[in-house]
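Working notes, structure below.
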Amino acid sequence: MVRHTTCIMSIPSTASIESQLPTTWSSYPCPDMMPGYTSRLWSQDYKPQYWSKYLVWQWLQQMVDMHQIDAASIHFQNFDVDGRQLCSMTYQDFTRATGTMGPILYQSLNELKWSGTLTHWTKLFMCSPLLIDLPCPFPEPSIYPADPQGTHLWEFIRDILLNPERNAGLLKWEDRTDGVFRFLKSEDVAQLWGKKKNNSTMTYEKLSRAMRYYYKREILEHVDGRRLVYKFGKNAQGWRLSEK
DNA sequence: GGGTCATTTCCTGATT
DNA sequence: AAATCAGGAAATGACC
């Protein structure tokens, strides 16, 4: 608890955030708070439902700073949650966790939930240079948006597919029982794969070459004529509904 | 150190 | 026209 408070207090509380930030956000590079992520991902819709624990923490810090809240009044242990869990918190949950700040946090979050795009405000808090060096008190966030465990590419793809609620429209089943799926955001999946492999130069062009090597090993079956569509083959396991 | 494996990188050319 | 697909060839990095 003390550590959290100290952390918050390290932000100069007298100066307003706005006065310390560059005024032109469009040209300001987003600092690499999560190494390996590119601005490409950040420019996509980024609703709180998909935030990692890390982003939840950053949002909370920004709110505390913006509203000059006494950090001691906040029960930080209630915010060791990811975006999905944060969004399922009720008005009462917020009040219980933050006292008088509850209504403000609750309303602010609700506005973000329904905004379709990355708002100026969202960008502001995610990119705030004031936040870069502040340690996150919670464990490292899992890879956004799903948490693919597999070490191989096809397992990585499978595991995103198997987390529909957190997959954020990257991939989609075309035929669930036959194992046919399609890339919806091919470059974003490639970036995510690159992050996992610590390779920021990964592209769909390169990822797809690796996918094509799977045909010979029968991990994937060829689907003809359909762009961005693949099908799991007999040597791919763990994707069927009946399995596992 | 060598060999294997699973990609990664690069490329040329075809297709959508 | 741009994106995607097809594979060959070679390079790379992890692992045994």
Side-chain angles (χ1 to χ4, degrees), chain A residues 25-47 50 52-54 116-118 122-123 126 136 139-244:
Chain A
W25 278 97
S26 54
S27 62
Y28 189 79
C30 198
D32 203 3
M33 294 175 291
M34 302 172 79
Y37 281 12
T38 64
S39 56
R40 166 189 292 281
L41 269 176
W42 293 100
S43 68
Q44 302 296 319
D45 295 357
Y46 211 119
K47 298 185 180 184
Y50 302 114
S52 60
K53 282 186 180 180
Y54 186 88
T117 56
L118 193 68
T122 312
K123 200 180 291 184
M126 285 183 179
C136 172
E140 264 298 287
S142 59
I143 291 181
Y144 164 85
D147 189 11
Q149 296 297 312
T151 47
H152 295 122
L153 175 59
W154 71 270
E155 295 171 310
F156 175 85
I157 297 295
R158 176 199 64 191
D159 294 346
I160 291 177
L161 246 8
L162 258 28
N163 282 290
E165 76 283 358
R166 295 170 71 189
N167 152 342
L170 296 174
L171 297 159
K172 176 173 179 282
W173 288 110
E174 289 279 291
D175 187 322
R176 185 65 183 84
T177 45
D178 273 2
V180 181
F181 60 93
R182 181 160 54 98
F183 282 75
L184 299 180
K185 298 181 181 176
S186 55
E187 290 302 337
D188 286 351
V189 175
Q191 284 294 310
L192 205 56
W193 173 238
K195 164 151 179 66
K196 188 174 180 62
K197 298 291 290 290
N198 208 11
N199 175 356
S200 60
T201 67
M202 182 49 59
T203 61
Y204 177 71
E205 183 74 30
K206 292 187 276 191
L207 182 153
S208 64
R209 180 68 189 95
M211 294 288 277
R212 289 194 290 275
Y213 271 127
Y214 284 146
Y215 294 141
K216 185 165 283 188
R217 297 168 58 195
E218 300 191 90
I219 286 168
L220 292 178
E221 269 178 45
H222 188 255
V223 175
D224 50 60
R226 313 192 49 200
R227 306 182 122 205
L228 303 171
V229 176
Y230 298 83
K231 176 180 180 178
F232 287 120
K234 66 180 179 205
N235 292 330
Q237 280 125 45
W239 58 269
R240 288 179 189 279
L241 285 169
S242 54
E243 292 177 72
K244 186 172 179 183

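Just so it is clear: chains get the letters A, B, ... in the order the sequence lines come, proteins before strands, and each one is counted from 1. Note that the coordinates shown come from a computational prediction; the quantities given were computed from them, not determined experimentally.
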Let me know, please, whether A/Ile219 or A/Arg212 comes out on the 5' side of the other along DNA chain B by nearest nucleotide. A/Ile219
[Y] side chain reached by [X] side chain, heavy atoms, under 4.5 Å:
X        : Y        : result
A/Val180 : A/Trp173 : no
A/Thr201 : A/Lys206 : yes
A/Arg176 : A/Trp239 : yes
A/Leu207 : A/Phe183 : yes
A/Ile157 : A/Tyr230 : no

For A/Tyr213 and for A/Val229, locate the closest nucleotide of DNA chain C by heavy-atom distance; then report the residue assigned to the nucleotide nearer the 5' terminus. A/Val229
Between [X] and [N], is there a contact of a side-chain N or O with OP1 or OP2 at under 4.0 Å?
X        : N     : result
A/Tyr214 : B/dA6 : no
A/Lys206 : B/dT8 : no
A/Trp154 : B/dA6 : no

Could you pull out the closest heavy-atom pair between A/Arg227 and A/Arg182, with the gap in Å? O-CD, 4.2 Å
Just how far, in rounded Å, is [atom2] of [N] from [atom1] of [X]?
X        : N      : atom1 : atom2 : answer
A/Arg209 : B/dT7  : CZ    : C1'   : 10 Å
A/Lys216 : B/dC5  : NZ    : P     : 14 Å
A/Asn235 : B/dC5  : CG    : P     : 15 Å
A/His152 : B/dT4  : NE2   : C1'   : 12 Å
A/Leu207 : B/dA6  : CG    : C1'   : 13 Å
A/Arg217 : B/dT4  : CZ    : P     : 16 Å
A/Glu205 : B/dC11 : CD    : P     : 11 Å
A/Ile157 : B/dA6  : CD1   : P     : 17 Å

Just to be sure I understand the rule, does [X] reach a base, reach only the sugar-phosphate, or reach nothing, if contact means heavy atoms closer than 4.0 Å?
X        : answer
A/Tyr204 : sugar-phosphate
A/Leu228 : sugar-phosphate
A/Phe183 : nothing

Which of the following nucleotides, [options], is nearest to the side chain of [X]?
X        : options              : value
A/Met202 : B/dT8, B/dC11, B/dA6 : B/dT8
A/Lys197 : B/dC11, B/dT7, B/dT9 : B/dT7
A/Thr201 : B/dT7, B/dT9, B/dT15 : B/dT9

List in chain and number order the residues that pass salt bridge (Lys or Arg N to Asp or Glu O under 4.0 Å) with A/Lys231, two or more places apart in sequence or in another chain; answer none if no residue qualifies. A/Glu221
When both distances are under 3.5 Å in a Watson-Crick or G-U wobble arrangement, the nucleotide paired with C/dA1 is none
Restricting to pairs with a member in residues 209-219 of chain A, which pass salt bridge (Lys or Arg N to Asp or Glu O under 4.0 Å), not counting sequence neighbours? A/Glu218-A/Lys234
Between which nucleotides of DNA chain C, 5' to 3', does chain A make heavy-atom contacts below 4.0 Å? C/dA3 to C/dA10
